[in-house]
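Since the structure comes first, as structure tokens, the remarks are kept for the end.
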2 protein chains.
Amino acid sequence: MKQSVRIAIADDQSIIREGLATMINLEGNCNVVIRAQNGVELIENLTNNSVELILLDIQMPVMGGLDTLKQLRKMAYSVPVIMLTTFADDQYMIDAMKLGAAGYVLKDIEIEELFMAMERVVHGHMVFPQIVQKKLIEQLSQQQKPEVTMKEQLLEQGISINSREEELLKLIALGYSNQRIADEVYLSLGTVKNYCSKLYGKLRVENRAELVSYLHQLLKI
Amino acid sequence: MKQSVRIAIADDQSIIREGLATMINLEGNCNVVIRAQNGVELIENLTNNSVELILLDIQMPVMGGLDTLKQLRKMAYSVPVIMLTTFADDQYMIDAMKLGAAGYVLKDIEIEELFMAMERVVHGHMVFPQIVQKKLIEQLSQQQKPEVTMKEQLLEQGISINSREEELLKLIALGYSNQRIADEVYLSLGTVKNYCSKLYGKLRVENRAELVSYLHQLLKI
DNA sequence: GGAAAGATGTGACTTTAGTCATTCCCTTTT
DNA sequence: AAAAGGGAATGACTAAAGTCACATCTTTCC
């Protein structure tokens, strides 16, 4: 690295934290100015010391790396962050990337590799394991949805419905008329009406339109 | 590059397309096997030829680079793609990244830089201009929403409504009854009914519930 | 076996939604 | 000033939604 870079390290394992700090300081053009045991400590210290790079352990008590990162983003703190971890967990990496981490480095790499990653990140690049790119594409192309059933969603609201009611709710949410629903599920018109009445009570709405609106809001469909 | 890499180039400017192809082929361990003038041509050729890397111009007629990229993702085509463009447009870069592009390279760079980017991308890395990281963080932290009015959304569907109709639509979408709407906007019950009828015709729905469903789907509210 | 609970159906009824032709009023246009 | 047009209202009507009490049948449970 060309210039002296002020660095913050947050890791609960003192061997790693102090070992890293020592090596980084010895490297000559770097300077570890903050050593924190967790995210809270890191953020407290950041208010008094400016740094150009943060090394952030993911597994920490009190406030983990991802939560810390999220907090930093909320504070509109734009210093690049390299996540440090023992585990090459895909989802961690992707979450870190989505939270705007600049890099993701495994703890078992050679110190020279870490220095290279740090140098690249300080210069504005991103350094992620190759696997992340592939996983990210998968996630983006799948546009994965949580896939929660209407029944489960309503249960979260303290409303329990049986499968027949769920079936009818789906059709009501589509804007179907009672007659059309009756034809669709082979029930009599009267029965469909009865179910509607019961559902209005359960879901605490006054009429069909309100129910449709409520369902769409709840289910984001 | 260590091994021979099969490459596809899509660019409507023949000077760039053929020039790049020639230089890449001369480089020794690369082989341009597809040369396309646009996205459609590229995708057609990909079905017959497998490649390990795609160079994709953003500005192309018939099917632009981003649309092509989107299409490739839909086809679950996972070959890394480097976007080529004359312009360092932030939004283009971010869109490209979100669509899973592996790299984004400006056309005015030195050929050696392109080769370096290609090598990194083939090995699974991402190569984006530094600015992207920052912009991406901004976008993720803002969670910016487009903020489009109902009127505009409907206009995109070829449906034009006046402000009174928009006002009523909003209330209908909330599940309000005609009487409640009438009270809310100081119109007579009959007038509200008349508006409803007119709107059902305009929005091509049969009844109130269907309208509510349609509006929620369209507006994602 | 018999009670209880749940699913479905019926009929009669009230309320709301939806349609349509027509009128009134106000503003803009010619 | 007359015509044209849009917004709002009215009344009369039909269709659909919604309520409710009650009946029927099956399954479940003690």
Does OP1 or OP2 of D/dA9 have a side-chain N or O of B/S188 closer than 4.0 Å? yes
Under-4.0 Å side-chain N/O to phosphate OP1/OP2 contact, B/Y195 with D/dG7: no
Please tell me if the side chains of [X] and [Y] come closer than 4.5 Å, counting only heavy atoms from C-beta onward.
X	Y	result
A/K107	A/Q13	yes
A/S188	A/T191	yes
A/Q179	A/V192	no
A/L169	A/L215	yes

Using whole Å, what does the distance between atom C1' of nucleotide C/dG6 and atom CD1 of A/I161 come to? 16 Å
Nucleotide-resolved protein contact map, nucleotides 14-28 of chain C, B/S/- at heavy-atom distance under 4.0 Å: ---BBBB--------
Of all heavy-atom pairs between B/A21 and B/R35, which one has the smallest distance, and what is that distance? CB-CZ, 3.5 Å
Any idea which heavy atoms bring A/Y104 and A/I82 closest together, and the distance? N-CG2, 4.5 Å
Please determine, by modelled atom types, if B/Q59 and B/T86 share a side-chain donor-acceptor pair under 3.5 angstrom. no
Which ones in residues 162-172 of chain A lie close to DNA chain C, meaning a heavy atom under 4.0 Å from one of its atoms? A/N162, A/R164
Are the charged groups of A/K151 and A/E165 less than 4.0 angstrom apart, N to O? no
